[in-house]
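Structure first, then comments.
To find a chain, count down the sequence lines: A is the first, B the second, and so on, and within it residues start at 1.
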Amino acid sequence: MKRIVLSAMMLGLLSPQAMAQTITASIAQDVRSTNPGVNRDDTTDGVVLHMVEGLVGYREDGSVGPLLAQSVDMSADGLTYTFKLRTGITFHNGETFSAENVLWNWTRYMDPATEWRCLAEFDGRNGLKVESVTAPDAQTIVMTINQPSAVFLDALARTDCGMAGILHYASVNEDGTWNQPIGTGPYKFGTWKRGEYFELEAFSDYVTPAGSAPDGYVGAKKPLAEKVRFYVISDPETIKAGLLSGTVDLAAVASTDVPEFAANPDFNVADSVDASKHTLSLQVADPLLSKVEMRQAIAAALDLPTLVTQVTNGSGRPNNSAIFPQSMYYSDVQKQAFAHDLDKARELLAKAGYKGEPITIIANKRPTTPSFETAVVAQAMLQAAGINATIEVMEWGTQLSRYFSGNYQMMAFSYSSRFDPALSFEQFSGPKDTTSGKVWNNPEALKLIDEGKAVSDPARRQAIFDELHTLLLHDVPMIIYSNGVNDIVSNKRLEGAVSWQSKLRLWEVAKQ
Amino acid sequence: MLKFAISRIIAAIPTLFIVSVSVFFLIRLIPGDPASLMLGDLADAASLADLRSRLGLDQSIPVQFTIWLGNILSGDFGRSITSQQEVLPLILGRLRVSAEIVLIAVLLASVIAVPAGMIAAWRQNSLTDVALVSIATVLLSIPAFWMGLLLLLLFVLKLGWLPLVGYVSISQDFMQGLLYIILPVATLLLHEIGVIMRMARASTLEVMQLDYITHARAKGLSEAAVMWRHAFKNAFGPTWTLIGIVLGNLLGGIAVIETVFAIPGLGRLLVEAIFARDYPVIQGCLLMIATIYVLVNLVVDLLYPVFDPKVNAQ
């Protein structure tokens with residue numbers, strides 16, 4: 001009898017159902033740390049935000065919604081924000097979540113010793129300052145800021161800020177050093193074998209926010225698998241082999257591999273557009289490119305829909321706006337695009353007095369962005385219009401250094417996601433005398449961006465952003481040609497697997 | 001012998017010092033800043049200044065060097081800029097992984113390639129020789145990463161016999177560890193067999209043409225005795241040197257293999273650190289690799305007299 005029971009137990013342990021409870025995904029590089037918003041990159045955020053949640057989070061359309069908060073109210077003067085907290089939430093260690101935890105976390109984040117990368121967004125150095133944070137009762141947090149800001153909640157929701165994630169005190173050691181995240185997310189910290197894999201375990205007491213489906217970082221967030229394991233695999237061929245062998249359930253793949261997986265009945269392919277921007281940045285301080293006619297000629301010489309098709313293997317969609325297509329601010333005006341017109345390009349070149357001077361396009365060969373491919377296609381198109389374009393390929397770190405110093409003419413450069421339009425425009429705009437890396441320094445544009453950051457009224461904001469887009473198309477400080485596209489391949493045993501904003505989002509994903 | 005070893009170790013100190021100075025300054029000549037790489041395009045002036053200050057990058061390079069050298073001499077290799085881990089344990093952990101694979105691969109390659117090279121030389125211009133040389137040339141010509149991918153395709157995807165990713169040390173779990181390192185070891189093994197076999201054949205051929213081999217045969221010694229007692233001992237010297245060089249090379253440089261098989265080894269760590277401009281890790285890795293070279297060469301030199309009676313360690 002004992003033998004039968006043992007055998008049954010062994011069979012149970014080894015059954016496909018038991019094994020199937022671990023979802024395996026691949027990430028290209030290892031997680032940097034588990035400390036939210038401190039030592040991070042995009043991959044790190046994607047993993048850590050399975051364990052940690054903030055008061056607010058991004059919705060799919062880029063707006064901000066309550067997450068650990070039940071509701072958020074702004075005072076009439078725009079200076080006071082009242083967060084009503086959700087009840088019945090517990091941390092991964094079973095402790096109850098309350099306003100006291102928020103106060104402790106805020107004090108910790110604002111302490112320079114924490115090294116929170118978003119400290120400057122809240123301490124006044126970048127304009128906005130949180131003047132006070134109080135907890136009138138266990139379920140309420142009140143924050144007051146120094147000036148009306150349309151992007152205050154955005155800053156709290158930013159994934160690179162770790163969503164200002166609320167952690168339990170036990171996440172840090174007695175001396176204040178970091179230990180491990182004890183958050184409120186759908187998955188909790190499991191095992192981290194550095195350089196190999198990062199494993200999360202389902203948080204069985206997780207209370208999902210309202211919603212029938214995931215909505216960005218809010219909405220339904222139930223953990224449907226027992227474990228999630230992120231393998232660190234950087235080689236694209238190994239990732240492909242991992243998917244084909246079943247070792248990896250889902251992964252982002254190169255666009256060149258998409259047709260093969262799309263034709264394979266064992267796999268689903270989902271492509272999702274994110275808010276990152278692929279661009280050709282122009283140096284407006286360059287003697288040649290300082291002439292607006294020259295920049296307009298470059299824009300007219302480029303057949304951008306063709307360029308996008310070529311460099312993304314057909315998965316990208318053209319977009320010349322700084323606002324991503326899913327945004328609530330992506331209006332008809334934002335859909336206006338640069339027009340491909342070779343005759344006009346030649347006419348503008350003549351007007352600019354162009355005499356065949358070389359223009360160098362700097363590019364890199366990172367597999368994650370179509371920089372080099374863009375430079376090659378753009379070079380051919382520019383040459384067809386009579387522009388003497390050359391390409392200089394460099395390693396990413398070197399290119400980034402050139403970008404920040406402003407030492408370039410043209411650059412195939414990709415920007416990471418910014419959901420709020422004001423922050424997206426601000427990402428590449430600013431006075432060149434103090435921030436040489438900024439691309440667009442038109443004072444009129446800078447004024448509009450500042451206004452867009454301060455004004456909360458959606459209609460007024462829409463008007464500002466539409467005006468900015470029209471100005472961008474005229475000034476051509478950069479040519480935004482498309483947003484990033486994530487090609488996610490998952491085997492058909494997974495249900496609900498999608499990525500959002502280039503991050504694998506594994507809540508509400510089940511494995512058969 | 002001991003005196004020789006000590007003098008060699010002392011002689012290595014200036015070498016390591018020059019390496020450390022070169023590495024420190026050369027890596028800083030490469031454009032690119034760890035702080036801006038960590039923050040990416042999200043960097044604003046305030047965050048960048050904060051991070052540069054925290055990383056000590058706002059100090060002059062000579063000051064940074066003085067601090068780094070002082071710390072190294074007290075055994076503190078610093079912390080990784082990206083992962084915040086202590087560099088020395090990080091490097092030693094990764095070295096253990098690489099060393100396990102490399103030592104097994106080179107040992108097996110030597111055991112197979114040296115006799116094969118000698119047989120090829122012994123049977124020069126025969127079918128056996130042609131076959132062995134052809135195999136060596138083919139193995140040598142196939143890039144290691146390509147070989148790795150082919151093995152992965154066959155044993156993981158087609159046959160499903162071996163796991164794709166992961167690593168377990170054979171010292172922790174021999175059978176599990178074996179499963180994970182078979183493919184990377186086989187990849188290195190096949191490549192290095194070609195390298196070592198060609199050297200073993202060439203040096204044996206050279207020795208076989210010398211008078212004392214003819215003399216040994218004339219004395220009526222058996223071929224086995226001629227090959228083992230006279231040819232092998234004299235011909236193995238150059239091959240042994242090559243094995244040392246191969247070992248030194250591989251211990252610091254199997255990044256491609258580690259990337260293909262997703263193994264957390266030293267080579268992958270170094271490549272990732274270079275891309276991230278993680279100065280403490282780059283410096284630590286290169287210093288470690290230089291030390292390995294010095295030590296491997298020292299061991300090779302110390303063992304040389306064992307194989308070649310003409311050489312002594314004095």
Side chain / backbone / both / neither for [X] at chain B, heavy atoms under 4.5 Å:
X      : result
A/S414 : backbone
A/L244 : both
A/R402 : neither
A/E115 : both
A/F428 : neither
A/A120 : side chain
A/D41  : neither
A/K438 : neither
A/R32  : both
A/D30  : neither
A/Y197 : neither

* Are any of the side-chain nitrogens in A/D123 or A/K129 under 4.0 Å away from the carboxylate oxygens of its partner? ->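 Judged by the 4.0 Å cut-off on N to carboxylate O distance, A/D123 and A/K129 do not form a salt bridge.
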* Asked: What do the steps show when you test A/D257 against A/K240 for salt bridge (charged side-chain N to carboxylate O under 4.0 Å, His left out), and what is the final call?
  -> CA-CA 8 Å; A/D257 288 331; A/K240 196 169 159 183; 3.3 Å; yes
Could you tell me which of [options] has the largest number of non-hydrogen atom pairs under 4.5 Å with chain B?
options                       : answer
A/M394, A/E237, A/E395        : A/E395
A/S405, A/P236, A/S245        : A/S245
A/G397, A/S401, A/G430, A/S33 : A/G397
A/Q29, A/K193, A/R125, A/R194 : A/R194

Select, from [options], the one with the greatest count of heavy-atom pairs under 4.5 Å involving chain A.
options                       : result
B/E272, B/Q84, B/Q85          : B/Q85
B/T82, B/T259, B/L51          : B/T82
B/L269, B/I30, B/L157, B/V97  : B/L157
B/A262, B/G166, B/S83, B/G148 : B/S83
B/L149, B/L90, B/L164         : B/L164

* Looking at A/F413 versus A/Y408, is the centre-to-centre ring distance below 6.0 Å? ->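 When the ring centroids of A/F413 and A/Y408 are compared, they turn out to be at least 6.0 Å apart.
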* B/F275, CZ: over 12 other non-hydrogen atoms inside 6.0 angstrom ->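 Atom CZ in B/F275 is not packed in, count stays at 12 or less.
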* Has B/R96 got more than 12 heavy atoms of other residues, nucleotides or ligands less than 6.0 Å from its CZ? ->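 Atom CZ in B/R96 is not packed in, count stays at 12 or less.
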Can [X] and [Y] be counted as having a side-chain donor-acceptor contact under 3.5 angstrom?
X      : Y      : result
B/Q176 : B/Y167 : no
A/D274 : A/Q501 : no
A/S424 : A/K277 : yes
B/S80  : B/D278 : yes

* Rounded to the nearest 0.5 Å, how far does CZ of A/R40 lie from CG of A/D45? ->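 Interatomic distance, A/D45 CG to A/R40 CZ, rounded to 0.5 Å: 4.0 Å.
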* Rounded to the nearest 0.5 Å, what's the gap from CG on A/L243 to CD on A/E260? Could you check? =>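 Between A/L243 CG and A/E260 CD, I get 10.5 Å after rounding to 0.5 Å.
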* Do the side chain of A/S417 and the main chain of A/S276 share a donor and acceptor less than 3.5 angstrom apart? ->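 A pair under 3.5 Å: yes.
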